[in-house]
Chemist: 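Input: one structure, supplied below.
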Amino acid sequence: MRILIANDDGYLAPGIAALMEACKGLGDIDVMAPEQNASGTSNALTLNRPLQVFDAARPGVRYVNGTPSDAVHVALTGVLTHRPDLVLSGINQGANMGDDTLYSGTVAAAMEGYLFGVPAIAFSQVDKGWTHLDAAARTARRVVERVLAQWPPAGAPVAPWLLNVNIPNRADADTLPWQVTRLGRRHASEPVIRQQSPRGDTIYWIGPAGDAREAGAGTDFHAVAQGAVSITPLQVDLTDHAGLSGWRQSFAG
Ligand code: MN
């Protein structure tokens, strides 16, 4: 089993070190992560300049001066000598639930593996601050062990899948129940915050994400509010399948 680990908080973040430790003994582990915190960069690829890959002091850890998707893309297409069997991303500092998943670099790093046909899991802690990161790491290991226990026999084709896991910041996280969920929805973000720069320019800060709007039973928001680990299977097809026939009528003739 070859496992590629990435994140969006940067190669020095505590979450990726915890995930590396948690995965010890599960396979050969490579790490490729962004040099800097790239949270909120979604699936961006760097196309207007070359990328460089550096070896970190810690063996097996590399970093790239780019985005989370760059990291996994470069690893899969040019750096790793062997294709990984599994891509893991995280552990992120902060939830990636509902509409967050569209902006998340953590999810994007996993998604890049998925787009290349490799099963992938994104891990996030629900609250910021890294509290109980050790318990989140044990939880991540249990999730990985579960998927490995059901892995197809060697040589059998593995249809790629993408899981988004959100872990409550609790000392007992690794004993919490698991709930397989769908994404909830958030209210629109808070308004931008307008300020004056020291040089007199008007500047804007993107406001914080809105509160959960669709958070009923079955959603990721609901699961973590109930004290469960949320596991959401994701897909990439953005097509509004339910709307197809209506739109075909609208544009007919
Ligand atoms: Mn992040």
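Atoms within a ligand are numbered from 1 in the order they appear, just like the ligands themselves.
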Chemist: If a pair satisfies ring pair (Phe, Tyr, Trp, His ring centres under 6.0 Å) and one of its residues is in residues 113-147, list it, with sequence neighbours excluded.
Modeler: His73-Phe116
Chemist: Who are the ring-ring contact (aromatic ring centres under 6.0 Å, His included) partners of Trp205, not counting sequence neighbours?
Modeler: none
Chemist: For the Mn ion (ligand 1), how many protein N, O or S atoms come closer than 2.8 Å?
Modeler: 4
Chemist: Using links of under 4.5 Å between side-chain heavy atoms of ILVMFWY residues, direct or through other members, which residues join Ile206 in one cluster?
Modeler: Val192, Tyr204
Chemist: With a 6.0 Å cut-off (strictly less than), is the heavy-atom count around CZ of Arg146, excluding the residue itself, greater than 12?
Modeler: no
Chemist: Is Asp30 salt-bridged to Arg62, cutoff N-O under 4.0 Å?
Modeler: yes
Chemist: How about CZ on Arg194, more than 12 heavy atoms from neighbouring residues, nucleotides or ligands closer than 6.0 Å, or not?
Modeler: no
